Amino acid sequence: MRSIWRTLDRRGLADIGLTCLAVFFIGLSYGAIAVASGFPLWVPAALSVLVLAGASEFLFIGIVAAGGSPIAAALAGLLVNSRHLPYGLALPPGVTGRGWRRLLGTHVMNDESVVFALAQPELPAKRAAYWACGLGVLACWPGGAVLGALIGSALHDTNAFGLDAMFPAVILALIVKDLRDARTRRAALAGAAIALAATPFLPAGLPVLLALAALVLLVRAPADASTRPDDEPAVALERTAR
Amino acid sequence: MKDSTLVVAGLTTLAAGTYAFRLSGQLLRARITFPPRVAKLLEAAAVILLAALVATTALTEGHGFSGFARPAGVLVAGVLAWRKAPFLVVVLAAAGITALLRLLGVA
């Protein structure tokens, strides 16, 4: 693990630290909401450690609290988490570790660890960022959830502090580098539009998956059409995955 | 609360299934050698997923509109990020603007 500190610079670590802090605060509200909805402490605690994917856990708690079956809630949560399959496809081999480490490296795959890994140019830095963020979230999400459940409804309204805006802002800040490439940006905007248009009609999780339809914009255009006089080079599309 | 056994069953299903999703993408990737062009497409696919996640978490709550405060905060964050502001500034601006708008009574 020492290689994480060597490979990432101070700023990279600070960015990951801030993201984990944001995750901790969201975890606080999650734990508090779970207890306020009538769950004993062990439910958010076990979910946060074993599932380790915030949106699906909120959904699980919400559905069961509203009287739904826990199995139906699990299936809805799985739909939300299905995006981890394309994440695994997108990560270059070796980022999640080898041998027994990969068992843990697989578990800490989440939006934040994937986006930090993709933002790094080289494989060692990708691996370091992935693990630093993944392990940070593994500590901060359950830690926040348990503390939130203990404090209970005292901090029920974290929305007052705008914390709900932090998650999309973190992800956006990290993909902005890829969005400077015009073709990637077009596809990303089209995907976002598809997901938004589908949200009123489809169960949670599906709209985001549907956004992948926007990939056709990248498949059809010829590869070397990307040599255009942009001030920024096409960072995203020049990275090779070994 | 609900029957604990059922909750444990649901929790286990969600945890095991999520792990399976996390693992299967990697296994597929390891088994097949993709040409560089396809590898680039796969990475672009992750960016598209993440962009869709930004749009839906910023603009929607359940099946409806989230209100103006949150997307306004995220929009300001996006402009700052585009202009290469430090990460800390970007993320705190998102929370700050959203909180401020709510304080002023904007949902």
Side-chain angles (χ1 to χ4, degrees), chain A residues 15 18 38-39 46-47 50-51 53 60 64 70-71 73-74 77-78 81-90 93 96 106 109 115 118 160-173 175-176 178 184 187-188 191-192 195-196 199-200 207-208 211-212 214-215 218 223 237 240-241, chain B residues 1-2 6-7 9-11 13-15 17-19 21-30 36-37 39-60 63-64 69-70 73-74 77-78 81-82 87-88 90-91 93-100 102:
Chain A
D15 292 354
L18 176 70
F39 289 94
L47 278 170
L50 298 173
V51 179
F60 182 88
V64 177
I71 300 299
L78 281 177
N81 287 345
S82 52
R83 68 180 182 282
H84 290 86
L85 195 152
Y87 283 166
L89 277 171
T96 54
T106 297
M109 180 191 292
V115 83
L118 294 180
F161 303 106
L163 292 180
D164 53 321
M166 285 175 98
F167 174 76
V170 163
I171 306 287
L172 183 57
I175 60 171
V176 101
D178 299 275
T184 308
L196 284 176
T199 297
V208 168
L212 284 177
L215 267 178
L218 296 176
L237 296 177
T240 35
Chain B
M1 201 194 55
K2 293 260 159 188
L6 259 181
V7 171
L11 193 156
T13 308
L14 181 56
T18 302
Y19 195 88
F21 279 132
R22 285 176 168 135
L23 189 62
S24 46
Q26 298 177 67
L27 292 182
L28 272 176
R29 168 100 189 213
R37 196 168 130 65
K40 285 172 197 164
L41 268 182
L42 291 175
E43 200 164 313
V47 174
I48 293 173
L49 282 174
L50 291 162
L53 204 58
V54 170
T56 51
T57 51
L59 284 158
T60 67
H63 291 287
R70 192 195 306 160
V74 177
W82 187 264
F87 186 74
L88 184 74
V90 171
V91 176
I97 299 283
T98 303
L100 187 67
R102 287 191 180 134

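Residue numbers begin at 1 in each chain, while the letters A, B, ... track the order of the sequences. What you see is a predicted model; the values in this text were computed from it and never measured.
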Study note, to complete from the structure: In short, B:Thr56 meets A:Ala195 closest at the heavy-atom pair CG2-CB, 3.8 Å

Point to revise | Part of A:Ala73 within contact of chain B (heavy atom distance under 4.5 Å) | key: neither

Check your understanding: With sequence neighbours left out, what residues match B:Thr18 under side chain to side chain donor-acceptor pair (under 3.5 Å)?
Key -> A:Asn81

Point to revise | Interchain contact, A:Leu50 with chain B, by part (heavy-atom threshold 4.5 Å) | key: both

Study note, to complete from the structure: For B:Leu53 and A:Arg83, the nearest pair of non-hydrogen atoms, with its separation, is CD2-NE, 3.9 Å

**Study point:** CG-CG distance between B:Leu50 and A:Leu172, expressed to the nearest 0.5 angstrom
**Key:** 10.5 Å

Revision key, fill the gap. Nearest heavy-atom contact between A:Phe60 and B:Gly10 is CE1-C, 3.8 Å

Point to revise | Residue part contacting chain A, namely of B:Leu27, when any heavy atom lies under 4.5 Å | key: both

Point to revise | All side chain to side chain donor-acceptor pair (under 3.5 Å) counterparts of A:Thr106, not counting sequence neighbours | key: B:Gln26

Review point. Got a second to check how far B:Thr57's OG1 is from A:Asp164's CG, nearest 0.5 Å?
Key: 9.5 Å

**Study point:** Contact summary for B:Ala52 and A:Gly191, nearest pair of heavy atoms
**Key:** CB-O, 4.1 Å

Check your understanding: Which one of B:Leu59, B:Leu49, B:Ile97 has the most heavy-atom pairs closer than 4.5 Å to chain A?
Key -> B:Leu49

Review point. Which value, rounded to the nearest 0.5 Å, describes the distance between B:Thr13 atom OG1 and A:Ile71 atom CD1?
Key: 4.5 Å

**Study point:** Residue pair A:Val170 / B:Phe87, side-chain heavy-atom distance below 4.5 Å
**Key:** yes

Review point. Heavy atoms, side chains only, cut-off 4.5 Å: are B:Val54 and A:Phe167 in contact?
Key: no

Revision key, fill the gap. To the nearest 0.5 Å, atom CG of A:Leu78 lies from atom CG of B:Leu14 at 5.5 Å

Point to revise | Approximate separation, where rounding is to 0.5 Å, of B:Ile48 CD1 and A:Leu212 CG | key: 6.5 Å

Practice item. Locate the shortest heavy-atom distance separating A:Gly162 from B:Arg102; write the atom from each residue and the value. Key: CA-NH1, 3.9 Å

Review point. Is the backbone of A:Met109 close enough, under 3.5 Å, to the side chain of B:Arg22 for a donor and an acceptor to pair up by distance?
Key: yes

Check your understanding: Can you tell which of A:Ala192, A:Ala169, A:Ala165 has the highest number of heavy-atom pairs within less than 4.5 Å of chain B?
Key -> A:Ala165

Review point. When rounded to the nearest 0.5 angstrom, what distance separates CG in B:Leu23 from NE2 in A:His84?
Key: 13.0 Å

Practice item. Would you mind reporting whether B:Leu11 and A:Pro70 have side-chain heavy atoms less than 4.5 Å apart? Key: no

Check your understanding: Minimum heavy-atom separation for A:Leu85 to B:Ser24, with atom names?
Key -> CD1-OG, 3.5 Å

